[in-house]
Amino acid sequence: MKIYNTLSGQKEEFLPPGSEVKMYVCGVTVYDVCHFGHALSYISFDVIRRYLEYRGYKVKYVQNFTDIDDKIINRANERKIPWKELVETYIAEFYVDIDALNIKRATIYPRATEEIPKIIEVIQTLIDKGHAYVSEGSVYFSVKSFPGYGKLTHQSPEDMRVTETSVTETKEDPLDFALWKTAKPGEPSWTSPWGEGRPGWHIECTAMSIKHLGTTLDIHAGGQDLIFPHHENEIAQSECYTGVEPFVRIWMHNGFLQMGADKMSKSLGNLVTIKQALERNSADAIRLFIISSYYRMPLRYSLEALDAAEAGVERFRQALKAEGKQGAEAVDADQFKVRFIETMDDDFGAPQAVAAMFDLVREINRGSEKGMDISRAQAMLKELAGVIGFTLQEEKKLTPDEEKKIEELIAVRNGHRRAREWKQADEIRKQLAELGVAIEDTSKGTTWKIAR
RNA sequence: GGCGGCGUAGCCAAGUGGUUAAGGCGGGGGUCUGCAAAACCCCUAUGCAGCGGUUCAAAUCCGCUCGCCGCCUCCA
């Protein structure tokens with residue numbers, strides 16, 4: 001299996017030393033609900049995780065919550081609620097969203113505020129080793145103390161643009177970043193050897209990943225925006241702390257979601273939340289939309305493409321409903337699995353893997369028309385769909401009463417059809433359509449489904 | 001200024017040196033059906049932003065040009 005590594009800029013053979021893959025995916029700062037960009041990232045890595053498991057790896061998947069941060073403090077103050085309440089609200093919302101998107105839960109979801117002792121230990125070690133310094137109650141990492149700084153970004157520190165905001169009185173060098181921030185009056189804080197304060201953003205990921213996964217991770221993933229400074233800083237902190245190189249074997253970054261010309265981001269205010277997206281499209285369609293583009297490529301948000309994905313998902317569902325002839329000549333499904341695996345083995349080529357699945361669908365439908373045995377092929381389609389993370393379930397959220405009424409109308413209509421009373425039959429079909437129900441007359445009887 | 005990426009049919013999107021340029025959606029024609037729906041069959045890029053170059057061979061490598069985007073500041 002080959003995976004593209006941001007660090008080397010090349011596809012590398014993936015050879016985890018153990019049977020268990022240690023995977024860390026940067027999580028969200030919980031001060032707001034998740035948006036489509038999060039869905040893109042977390043669905044991409046969910047597919048990767050599912051595929052690794054499909055290939056026989058046990059995956060220990062760690063995803064953090066950043067539950068203390070300037071934005072959390074500010075938002076809580078705006079709403080005049082305790083920061084803890086804000087955090088709990090959005091952690092709960094996070095789970096609602098990822099469950100609705102059929103994203104597998106991580107093995108562990110550590111929270112920054114629950115890892116303070118480890119964070120303090122890491123910072124103290126960095127100070128002791130001369131990689132960090134205390135300044136007015138805060139602690140900063142000294143970038144020039146780590147010669148490898150810039151290796152992930154492929155840029156030397158000298159070439160980095162120094163902006164006004166990065167220059168402060170308390171830092172020795174504009175590139176230095178905070179490990180520990182001293183608390184302002186009234187802010188939530190924890191006791192440390194350097195006074196009351198709270199952890200910086202980058203250090204929490206170092207502390208949490210090392211605590212839960214060890215000194216070297218197999219995969220560390222996140223959005224491309226995290227390459228600099230977040231992941232660059234993590235490498236610096238982690239390798240200086242442990243003395244072990246590499247901190248991460250494979251760095252994976254997903255391409256960004258763009259809204260028209262711009263990227264979707266909180267600061268631009270052009271967000272589509274996951275909840276809004278799910279009101280319009282099924283989780284399967286959102287997933288298909290996302291993975292029909294390669295995970296490292298940018299993806300433009302498009303309602304037209306989402307609706308196209310909805311129709312594509314329906315095609316999968318129909319193929320699972322197709323009828324075959326048990327015991328007849330069977331459709332050969334193995335070739336599609338071979339294609340699926342070949343393409344996924346090459347840096348998770350999901351777009352082509354999905355193409356193989358669509359070809360399998362055509363083969364199932366052909367087999368069905370020809371009266372072949374398609375049961376194994378359908379089982380294969382289900383298997384591959386599971387690897388991608390499709391549910392392929394129809395969203396029939398109707399009450400038993402509603403279903404009964406639909407069945408009754410269909411029975412009446414079929415009475416008219418038998419009597420060749422087409423006008424009346426068509427009238428009922430129209431009635432059902434108005435209820436949002438689409439019907440199909442097949443040789444085996446009439447079936448119905450919810451029309452989107 | 002530095003680093004990275006993108007430009008392929010009406011739309012989305014694979015393909016990164018060599019058979020007819022995947023797949024989905026949409027569109028057109030046909031089969032089936034009372035009619036639909038679903039499904040199946042056929043068609044829908046002599047060309048991959050443009051211009052040069054390397055090569056027996058390029059969407060694919062190199063150079064230049066044009067257009068677009070991301071990161072260097074919180075962000076998946």
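A note on names: the letters A, B, ... follow the listed sequences, proteins ahead of strands, and every chain is numbered from 1.
B/G2 and B/G63 have their P atoms separated by 16 Å, given to the nearest Å. Rounded to whole Å, the P atom of B/C51 lies 15 Å from the corresponding atom of B/A58. Look at the P atom in both B/A59 and B/G52: the space between them is 15 Å, to the nearest Å. Atom P of B/C56 sits at a distance of 22 Å from the matching atom of B/C48, rounded to the whole Å. Across B/G67 and B/G50, the matching P atoms stand 15 Å from one another, rounded to whole Å. Nucleotides B/C32 and B/A37, compared at atom P, are 15 Å apart to the nearest Å. Taking atom C1' in both B/A21 and B/U16, one finds a spacing of 12 Å when rounded to whole Å. Comparing B/G15 with B/C61, their C1' atoms sit 16 Å apart, to the nearest whole Å.
Protein atom CG of A/Asp346 is 14 Å distant from nucleotide atom P of B/A14, rounded to whole Å. Distance CD1 (A/Ile374) to C1' (B/C40): 13 Å, rounded to an integer number of Å. Per the geometry, CZ belonging to A/Arg417 stands 14 Å off P belonging to B/A37, to the nearest Å. Following rounding to the nearest Å, A/Gln224 (CD) and B/A76 (C1') show an atom-to-atom distance of 10 Å. Between A/Gln318 atom CD and B/C40 atom P the separation is 10 Å, expressed in whole Å. Summarising the geometry, the separation between OH on A/Tyr295 and P on B/A13 is reported as 18 Å, rounded to the nearest angstrom. As a whole-Å value, the separation of A/Gln378 CD from B/A39 C1' is 13 Å. For the pair A/Arg296 CZ and B/G70 P, the interatomic distance rounds to 20 Å; values are reported in whole Å.
Across the interface with RNA chain B, nearest-nucleotide mapping of A/Asn365 and A/Ala308 shows A/Ala308 to be the residue nearer the 5′ end. When each of A/Ser293 and A/Gly222 is assigned the nucleotide of RNA chain B with its nearest heavy atom, A/Ser293 is the one assigned upstream, toward the 5' end.
Interatomic distance, A/Met23 CE to A/Ser209 OG, rounded to the nearest 0.5 Å: 13.5 Å. Separation of atoms CD (A/Gln237) and CZ (A/Phe177) is listed at 4.5 Å; rounding is to 0.5 Å.
A donor-acceptor contact shorter than 3.5 Å is absent between the side chain of A/Lys449 and the backbone of A/Ala438. Using a distance-only test at 3.5 Å, with no hydrogens or angles considered, a donor-acceptor pair links the side chain of A/Ser292 to the main chain of A/Leu288.
The side chain of A/Glu440 sits closest to B/A37 out of B/C40, B/A37, B/A76. Distances from the side chain of A/Arg413 to the nucleotides B/A76, B/A39, B/G34 place B/G34 closest. Between B/A76, B/A14, B/G34, one nucleotide has an atom nearer to the side chain of A/Met297 than all others, and that is B/A14. Nearest nucleotide to the side chain of A/Trp422, out of B/C3, B/G34, B/A76: B/G34. Between B/C72, B/A37, B/C40, one nucleotide has an atom nearer to the side chain of A/Arg366 than all others, and that is B/C40. Here the side chain of A/Glu369 is nearest to one of B/G34, B/A76, B/C40, namely B/C40. Taking the side chain of A/Arg429 as heavy atoms from C-beta on, and the options B/C12, B/C40, B/A36, the nearest nucleotide is B/A36.
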Sub-3.5 Å pairs of nitrogen or oxygen atoms, protein against nucleotides 59-61 of chain B:
none

Which pairs, protein N/O on one side and nucleotides 20-23 of chain B N/O on the other, fall under 3.5 Å?
none

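Closest non-hydrogen pair, A/Arg317 versus A/Gln393, comes out as NE-O, 3.4 Å. Of all heavy-atom pairs spanning A/Gln63 and A/Cys26, the tightest one is NE2-O, 3.7 Å.
Remark: B/C32 base-pairs with no nucleotide; criterion is Watson-Crick or G-U wobble with both hydrogen-bond distances under 3.5 Å. Base-pair partner of B/G1: B/C72 (Watson-Crick or G-U wobble, both distances under 3.5 Å). Shown here, B/G63 forms a base pair with B/C51; the pair counts as Watson-Crick or G-U wobble because both key distances fall under 3.5 Å. Pairing for B/A14 is absent, with no Watson-Crick or G-U wobble pair whose two atom distances lie under 3.5 Å.
At a cut-off of 3.5 angstrom, counting only N and O atoms as typed in the model, there is no donor on one side facing an acceptor on the other between the side-chain of A/Asp307 and the base of B/C25.
Side-chain contact of A/Thr170 with A/Glu136: a donor-acceptor pair under 3.5 Å is absent, judged by distance alone. In summary, the side chains of A/Glu421 and A/His416 do present a donor paired with an acceptor at a separation below 3.5 Å, with no hydrogens or angles considered.
For A/Asn254 and B/A76, the shortest distance from a side-chain N or O to OP1 or OP2 is not below 4.0 Å. Taking side-chain N and O atoms only, A/Thr153 has no distance below 4.0 Å to OP1 or OP2 of B/C72. One finds a side-chain N or O of A/Arg315 lying less than 4.0 angstrom from the OP1 or OP2 phosphate oxygen of B/C40.
Within the structure, the ring-ring contact (aromatic ring centres under 6.0 Å, His included) test picks out the following pairs touching residues 341-381 of chain A (sequence neighbours left out): A/Phe316-A/Phe358.
Among the protein residues, A/Ala438 comes within range of no part of the nucleic acid, since none of its heavy atoms lies under 4.0 Å from any strand. Across all strands, A/Leu226 comes closer than 4.0 Å only to sugar-phosphate atoms, never to a base (heavy-atom distances). If you check every strand for non-hydrogen atoms under 4.0 Å, A/Phe45 touches nothing. Among the heavy atoms of the strands lying under 4.0 Å from A/Asp426 is at least one base atom, whether or not backbone atoms are also near. Among the atoms of the strands shown, only primed sugar atoms or phosphate atoms (P, OP1, OP2) are found under 4.0 Å from some heavy atom of A/Gly27. Contact annotation for A/Leu306: no contact, since no heavy-atom pair falls under 4.0 Å across all strands.
Aromatic ring centres of A/Tyr95 and A/Phe65: separated by under 6.0 Å. For A/His202 and A/His231, the ring centers sit 6.0 Å or farther from each other.
Geometrically, A/Arg49 engages A/Tyr61 in a cation-pi contact defined by less than 6.0 Å to the ring centre and at most 45° from the axis. At least one test fails for A/Arg287 against the ring of A/Phe390: distance under 6.0 Å to the centre or angle within 45° of the axis.
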